[in-house]
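Computed over heavy atoms, backbone and side chain alike; hydrogens, waters and symmetry mates excluded.
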Amino acid sequence: MGVPLMPASAARRLRTGARSSTLTTQILLASLSLLLLTVVLGGFLFTLISNQTLDRQYQLRALGIAATSAQMPEIRSALAAGDPKHVIDRLAREIAAAAQPAYVVVTDRDGVRFSHPDPALIGQKLEEPVAVLDGETHVGLDPGSLGMSANAKAPIFGANGSVIGQVSVGIEETQVVDNQVQNIWLIVGFSALVLALGVGASLLLSRRIKRVTFDLEPAEIASLLQEREALLHGIREAVVGLDDDGRVTVINGEARRLLQIEGTALGKPVADLIPEGRLRDLLTGKLPGADQVALTEESLLVVNRMAVSTAGRSIGSVITLRDRTEIESLVRDLHSIQGLMEAMRALEHEYANRLHVVDGLLEMGEVDQARSYVSQISSMSRSLGEGLRSRIAPPELAALLLAKITVAAEQDVQIEVTAESRLERPQADQAELLTIVGNLLDNAVDALANRPRPRMVKVQFDDADGVFIAVHDNGAGVPADKIDQVMVDGYSTKDPRPGMRRGIGLALVRRIVHRAGGTLDVFPGPGGNFEVWLPANPGNPGIADKDRSASVDQDIGS
């Protein structure tokens, strides 16, 4: 019995669970730690500021009582007279009862008390010197005989304006502490409320993040990112990810190479990174379809574009590109070999028929007739090859023409190189010439399939000014409204051949001509009419190997 496989997400959780807590726990702990630190620091600062504020408030309150008492005429006159009737202590007690300070002490300038909550201290001198002899009020914290208090001292002025005594008013620290305790409870309650709200917000935030991250933990997200980066940049296939607005979200190195993108591409619209043409239309989705062919200056690409959605919501698209240049070249090479084999088979069949004729003539004793027949067919075969070689100097091009003529004859199509054709010293790349001529002849022969006889293809060459190539057939030709489309890579009106991609031939010819600085003209039917002109290239007379890889092969079908 087999062991059931564990889902990748579950396995990843097992690997990361022992090393890290859940995202919810991390967010909750982080939020609580931050809130607790903030609340503690805030409470400490608030308490410190509140204590200072309360001390100052009570000192000012004491100062107000002391200043008011010092200005009372009864106290001033009684103190100036030495308080013979002991009215100062009575007035001080009345003030204390009304304003609720801890004490109201009146002394003369020598510090002798005339009032005090403790009657035993009346008439006694202060332990400290009189502070108001400078004529100013004073506030502060005073340990005093009754304990710590917020204290204020105000001078009592005589009739002549001199200081004759002071009023000292104190408010016990216990009253300040009571108010501070009330404030602390308010701080504690507020802090508890903030912590409760923080916990709730943390839980809501963690749930929101978990929904956005598809219930993945941070370690799992990091693991997925590492796996994605390794996969994205480790495969040979080019990958481009786009969002719904067509902006690049993901791109690997192979895609940059094939699309020739340099610099930063992330976040930019793909339409701004690719030149106008079929490739950009495929990448942006303007042209739909799978396994679509697109030609660039260097490569033959197969493009696939797939929309991506999650939970029924579109999140963009993924584009894959495959470089088929080398594979397509091998396929075209194989097709070329097959064409050569067909040509050889056709020649073998023709030679077999001729040998049968010669054998029959010899069997009948017609030796002279057999000799004449052999001479005739030998002259015909030799004249065709010699005629091509006399006018077409490059032997590879002459051989290609001879093979195409033979294969076309098997399909009952006659290819004729016009008598005025001359190609003695073509100032052009030989591989490019083979590609151009091969594709144009294949297109012409294919266009004559199922057409009534005679089926004729005429080829004309001229190297008087650069290289001029014209291919004409008596088929239906290209409709006037399709002239621009037939040269677009991927466009074809023919059924695909097994293992071969249609819609590449004319696009490849156009690219070669464009890179060489020449022209490709397509004229509307009836009859196919294609004309190519390549400028002279004195630096590469006749035989050159530049950019052979771009030519793919001379037998690419359209």
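Taken to the nearest 0.5 Å, the CG atom of L534 stands 11.5 Å off from the CG atom of D465. Remark: N443 CG to L448 CG distance equals 11.0 Å, nearest 0.5 Å.
Across G316 and D244, no two heavy atoms sit closer than the pair N-OD1, 3.0 Å. The minimum heavy-atom distance linking P535 with A516 is given by the pair CG-O, 3.1 Å. Taking each heavy atom of L273 and K268 in turn, the nearest pair found is CD2-CD, 4.0 Å.
For Q411 and R455, the side-chain atoms include no donor-acceptor pair closer than 3.5 Å. T249 and D243 form no side-chain donor-acceptor contact under 3.5 Å, judged by distance and modelled atom types alone. There is no side-chain donor-acceptor pair under 3.5 Å between R391 and S421.
When the shell of 6.0 Å around CG of D245 is examined, it contains more than 12 heavy atoms from other residues, nucleotides or ligands.
Looking at heavy atoms from C-beta onward, L433 lies in side-chain contact with I469 at the 4.5 angstrom threshold. For the pair T519/V532, no side-chain contact is recorded, criterion being any heavy-atom separation below 4.5 Å from C-beta on.
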- Query: Would R305 and Q292 satisfy side-chain hydrogen bond (donor to acceptor under 3.5 Å, both in side chains), going step by step from the backbone distance to the final call?
  - Reply: CA-CA 9 Å; R305 189 178 193 274; Q292 294 295 312; over 6 Å; no
